[in-house]
Amino acid sequence: MDKECAIILAAGEGKRMGSDLPKVLCEVLFEPMIEWVIRACKNAEISDLCTVLGYKSEVVKEFIGNHTKTVIQNERKGTAHAVMCAKYFLENHINDNVLICYADSPFLDSKTIKDALYTHKKTHASVTVITANLCDPTGYGRIVRTDGEISAIVEEKDATKSELNINEINSGAYWFCVKDLIDILEQIKPKNSQNEYYLTDSISLLLAKGKIASTHIADNPIVAMGANDRTSLLRLNQAYNKFLIEKFMQDGVEFLSTDGVLISPTVSIDKGTKILPGTILCGKTKIGSGCVIGPNSLIEDSVIGNNCKINATQIYKSEICNDVLVGPFCHIRPNSKIHHHVKIGDFVEVKNSELGAGTSVSHLTYVGDSDVGKNVNFGCGVVTINYDGVNKNRCKISNGAFIGCNTNLVAPVEIGENSYTAAGSTITKNVPPNALGIERTKQSNIAGFAERKLKNRKLKVEE
Ligand code: UD1
Ligand code: CA
């Protein structure tokens with residue numbers, strides 16, 4: 001689609017959303033709505049995009065970066081007025097078609113965009129409206145048909161009683177022949193209950209000029225859903241989450257219950273993996289096959305290999321290789337790499353560290369800024385002391401080392417291959433290979449101490 005272009009309307013404030021953010025930055029499944037729309041356009045291979053910004057334009061601009069060109073609509077006078085603000089962009093595409101879509105309708109997908117363009121070209125239409133049949137069309141513009149063909153779009157606020165009964169709605173995405181759109185744009189007048197310039201009026205204006213208007217009815221009606229308030233935003237989250245879970249199940253992913261399960265559209269899960277309740281998977285997360293994820297786990301922007309068990313754990317921006325057990329109650333923080341056959345048990349935190357294959361960190365341990373080799377064993381309660389209040393330093397723990405319980409490793413420090421640290425030691429100096437690092441005072445026992453103490457001690461229950 002090297003010639004086709006798109007305009008994304010994103011100038012609205014979205015008062016009904018009650019958010020400090022502009023509406024188009026409100027998230028559906030952890031991604032701002034505008035991000036969904038830009039991705040769909042890019043996946044449809046539309047290379048030249050222009051976003052119309054208005055309310056808090058700087059905030060939205062910062063978010064979209066240079067993914068699209070931008071124009072500013074200083075006053076919000078309606079969807080047609082927003083398109084007029086991008087007239088210069090349109091004039092550069094005078095012989096092309098333009099997709100116009102709304103940034104508060106995130107589920108428009110690249111297939112629908114392409115299919116609609118196919119209909120648009122095949123029917124030689126000046127405009128092709130992407131529509132959908134919704135059980136509950138409340139809030140959307142209705143598609144009015146005469147002899148089976150689209151004759152107008154009527155906004156809910158301007159609709160007659162019988163028009164309100166129409167279930168076919170305007171998704172807010174359209175392919176226009178640019179030349180024909182420019183010809184009628186100026187003729188759109190704000191003659192409606194909201195005194196706005198409605199882009200939807202373009203249909204009847206084009207038809208009046210003898211042009212052709214087509215529709216492309218979306219196969220899946222969720223494509224058309226938009227959000228103007230928190231209730232519809234929740235509905236969008238629920239609808240797409242359900243859609244994704246169904247898709248994963250068709251691909252062989254198992255769900256025992258979908259309670260509390262939320263999955264972003266950018267997540268992939270291989271077949272044979274089981275997702276337990278309370279699991280949230282978001283960002284660019286990839287999960288291999290044969291895993292059990294959950295219950296109550298959150299994985300963001302991370303790669304998980306095959307046959308892993310992640311139980312009641314949070315993982316961010318990290319890589320977990322095959323056959324790894326994590327949890328319950330672990331926190332794997334960004335930039336960690338956990339090699340195969342590692343076991344990370346309860347109440348363990350790992351940050352910016354690499355754990356070699358076969359290493360075991362079973363309980364109550366903090367591993368931060370550390371390079372840990374293969375087959376290392378951490379006893380209970382080990383702490384890497386990576387921060388001295390000014391700098392972060394690294395610990396190196398070599399293959400086969402055995403770190404005794406409650407060892408403090410004060411970085412920078414190196415534990416040699418196959419060496420030990422004695423339980424309770426605070427290790428500040430490197431331990432050479434095959435050695436024991438021990439740092440603690442000699443034990444002495446005071447005879448009869450307890451007897452003297454017991455005289456005054458109150459016992460809760462009689463012996
Ligand atoms: C619009 C459509 C309606 C359709 C629905 C689909 C019109 C007149 N109505 O209604 O037929 O069923 O979307 O969700 O088009 N915007 C601007 N500048 C403006 C006004 C709006 O950029 O001056 C942007 C908004 O940020 C939003 C989009 O255009 O992303 C749609 O505007 P909104 O006010 O939400 O329209 P709806 O009432 O939902
Ligand atoms: Ca809307």
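The structure displayed is predicted, hence computed values, not measured ones. Remember, it's 1-based here, ligands and their atoms both numbered in the order they're listed.
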Scan side-chain atoms only and decide if T273 and D270 contain a donor-acceptor pair under the 3.5 Å cut-off.
-> no

Judged by modelled atom types alone, do H93 and D48 share a side-chain donor-acceptor pair under 3.5 Å?
-> yes

Do V52 and ligand 1 have an N or O pair less than 3.5 Å apart?
-> no

Looking only at distances, please establish whether an N/O atom of ligand 1 is found under 3.5 Å from an N/O atom of V24.
-> no

Y102 near the Ca ion (ligand 2): N/O/S under 3.0 Å = no

Short N or O distance, E75 and ligand 1, threshold 3.5 Å exclusive = no

Of the protein's non-hydrogen atoms, which lies at the shortest distance from atom 23 (O) of ligand 1, and what is that distance?
-> G78 N, 2.8 Å

Near A103, which atoms of ligand 1 are under 4.0 Å from a heavy atom of that residue?
-> 30 (O)

Any non-hydrogen protein atom less than 4.0 Å away from atom 34 (O) of ligand 1 = no

Atom indices of ligand 1, in the order listed, that fall short of 4.0 Å to a heavy atom of A82 = 17 (C), 18 (N), 22 (O)

Quick check, are the ring centers of W175 and Y118 under 6.0 angstrom apart?
-> no

Taking it one step at a time, do S232 and R16 satisfy side chain to side chain donor-acceptor pair (under 3.5 Å)?
-> CA-CA 10 Å; S232 46; R16 286 169 284 176; over 6 Å; no

Would you call the rings of F248 and F255 parallel, tilted or perpendicular if under 30° counts as parallel and over 60° as perpendicular?
-> tilted

When distances are taken from atom 18 (N) of ligand 1, the protein heavy atom at minimum range is Q73 OE1, 2.7 Å

Short N/O distance, under 3.5 Å, between A224 and ligand 1?
-> no

Atom 30 (O) of ligand 1 touched by protein (heavy atom, under 4.0 Å) = yes

Nitrogen or oxygen of A11 less than 3.5 angstrom from that of ligand 1 = yes

Do N192 and K157 have side-chain atoms, one donor and one acceptor, less than 3.5 Å apart?
-> no

Walk me through it: do E354 and R394 pass the test salt bridge (charged side-chain N to carboxylate O under 4.0 Å, His left out)?
-> CA-CA 11 Å; E354 189 157 348; R394 295 193 77 82; over 6 Å; no

Which residue and heavy atom of the protein sit nearest atom 32 (O) of ligand 1, plus the separation | T79 CG2, 4.0 Å

E196 and H81: side chain donor to acceptor below 3.5 Å = no

The atom of D104 among N, O or S that is nearest the Ca ion (ligand 2) is OD2

Looking at K284 and E300, does any basic side-chain N land under 4.0 Å from a carboxylate oxygen?
-> no

Measure the distances from the heavy atoms of H81 to every atom of ligand 1 and state whether one is below 4.0 angstrom.
-> no

Report yes or no: do N393 and N386 form a side-chain donor-acceptor pair below 3.5 Å?
-> no

Tell me, which protein residue and heavy-atom name are nearest atom 37 (P) of ligand 1, and how many Å apart are they?
-> N228 ND2, 4.4 Å

State, without any angle test, whether Y197 and D201 hold a side-chain donor-acceptor pair at a distance under 3.5 Å.
-> no

Tell me, please: is K23 in heavy-atom contact with ligand 1, that is, under 4.0 Å?
-> yes

Any donor and acceptor pair, going by atom type alone, linking the side chain of S297 with main-chain N or O of T313 inside 3.5 Å?
-> yes

Would you check the N or O atoms of Y102, main chain and side chain alike, for any that come under 3.5 Å of an N or O of ligand 1?
-> yes

Honestly, for E155 the part within reach of ligand 1 (heavy atoms, under 4.0 Å) is side chain

Give a yes/no on ligand 1: does S105 have at least one heavy atom closer than 4.0 angstrom to it?
-> yes

Here the atoms of ligand 1 under 4.0 Å from any heavy atom belonging to K77 are 23 (O)

N/O separation below 3.5 Å, N170 to ligand 1 = yes

Would you say the ring centroid of F176 lies under 6.0 angstrom from that of H120?
-> no

Using the six-membered ring of Y387, assess whether NZ or CZ of K392 lies under 6.0 Å from its centre and within 45 degrees of the ring axis.
-> yes

When you check the gap from the basic side-chain N to the acidic O, do R333 and E349 get nearer than 4.0 Å?
-> yes

Which protein non-hydrogen atom lies closest to atom 24 (C) of ligand 1, naming both residue and atom, and how far is it?
-> L9 CB, 3.7 Å

Any N/O of R76 closer than 3.5 Å to an N/O of ligand 1?
-> no

Check whether the side chains of T68 and T51 place a donor and an acceptor atom closer than 3.5 Å, and report yes or no.
-> yes

Heteroatom distance test (T200, ligand 1): nitrogen or oxygen, under 3.5 angstrom = no

Using a strict 4.0 Å cut-off to heavy atoms of G141, name the atoms of ligand 1 that fall inside it.
-> 3 (C), 4 (C), 11 (O), 12 (O)

Say whether G12, considering both its backbone and side-chain N or O atoms, lies within less than 3.5 Å of an N or O atom on ligand 1.
-> yes

